[in-house]
Amino acid sequence: MKAAIIMGSTSDLAKVEPAIEILKDKGIEVKVRCLSAHRASKQLSEFIEEINADGTEVVITAAGMAAALPGVVAAQTVLPVIGVPLSGSVLDGQDALYSIVQMPPGIPVATVAINGGKNAAWLALEIIAVKHPEIKEKLIAERKAMQEAAIKANEEITAKYE
């Protein structure tokens, strides 16, 4: 089970590290690269060729501002691509969000919230779980734990104010 994470700049690393940790924690092999769509286009294309052939099942891309990276990746693969718009410009990530969600027909990029690296990892796991029942079971257990935590929090608040 393999995933790739591509960021456009080293300044994006802190925003994608939680996704790397989530995927690795669930047993996913993760290839991480910093390849700008504008400044390292040849190397980006070479990496996309590599992941197209090596069994990678999903690609998470993280980019800010013009956020060309997710679209460039999606144009070169039929693997599911998840875009993470990043804040960092005067538009605080809205420019990246609009860039990523406005892909032309036939070249989709699934898009999560601005700085939503964690949800990108969870979505990647859901995609991987379609073929891998062991990941599906881990996701079901995780959701159950979330539900239990929410119920406990409600019980604590209810007890405090009754």
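All residue numbers in this chain count up from 1 along the given sequence. Source: prediction; values computed, not measured.
Between Lys2 and Glu57, none of the side-chain N atoms (NZ, or NE/NH1/NH2) sits under 4.0 Å from a carboxylate O, so this pair counts as no salt bridge. Glu50 and Lys31 are joined by a salt bridge, as a carboxylate oxygen and a charged side-chain nitrogen come within less than 4.0 angstrom of each other. A salt bridge is absent between Lys138 and Glu142; no separation between the charged side-chain nitrogens and carboxylate oxygens falls under 4.0 Å.
Going from atom OG of Ser41 over to atom CD of Glu46 covers 9.5 Å, rounded to the nearest 0.5 Å. Note that the OG atom of Ser99 and the CG atom of Leu91 stand 12.0 Å from one another [nearest 0.5 Å]. The OG1 atom of Thr61 sits 15.0 Å away from the CZ atom of Arg33 when rounded to the nearest 0.5 Å. Atom OG of Ser9 and atom CG of Leu69 lie 11.0 Å apart (nearest 0.5 Å). Atom-to-atom distance recorded for Arg39:CZ and Leu44:CG is 13.0 Å, nearest 0.5 angstrom. Once rounded to the nearest 0.5 Å, the distance linking CD1 of Ile48 with OG1 of Thr56 reads 11.5 Å.
More than 12 heavy atoms of other residues, nucleotides or ligands sit less than 6.0 Å from atom CE of Met103.
Side-chain heavy-atom separations under 4.5 angstrom define the hydrophobic clusters, and the remaining members of the one that includes Val101 are Leu97, Ile114. Chaining together hydrophobic side chains whose heavy atoms lie under 4.5 Å apart places Ile5 alongside Met1, Met7, Leu13, Val16, Ile20, Ile22, Leu23, Ile28, Val30, Val32, Val58, Ile60, Ile82, Val84, Leu86, Val112, Trp122, Leu123, Leu125, Ile127, Ile128, Ile135, Leu139.
The two atoms that bring Ala67 and Ile100 nearest to each other are CB-CG1, 3.8 Å, heavy atoms only. Considering all non-hydrogen atoms of both residues, Ala19 and Gly117 come closest at CB-O, 3.3 Å. Nearest heavy-atom pair, Gly93 versus Pro85, reported as atom, atom and distance to 0.1 Å: O-CB, 4.2 Å.
The closest donor-acceptor contact from the side chain of Asp12 to the backbone of Ala63 lies at 3.5 Å or more, if one exists at all. Panel note: side chain Thr111, backbone Val109; a donor-acceptor pair is recorded below 3.5 Å.
Residues Val59 and Ile6 meet the side-chain proximity criterion, which asks for heavy atoms closer than 4.5 Å. Using a 4.5 Å heavy-atom cutoff, the side chains of Ser87 and Lys15 are in contact.
Across Ile157, Ile151, Thr158, a single residue satisfies side-chain contact (heavy atoms from CB on, under 4.5 Å) together with Glu155, and that is Ile151. Of the listed residues (Lys26, Lys136, Arg143), just one forms a salt bridge (charged side-chain N to carboxylate O under 4.0 Å, His left out) with Glu126, and that residue is Arg143.
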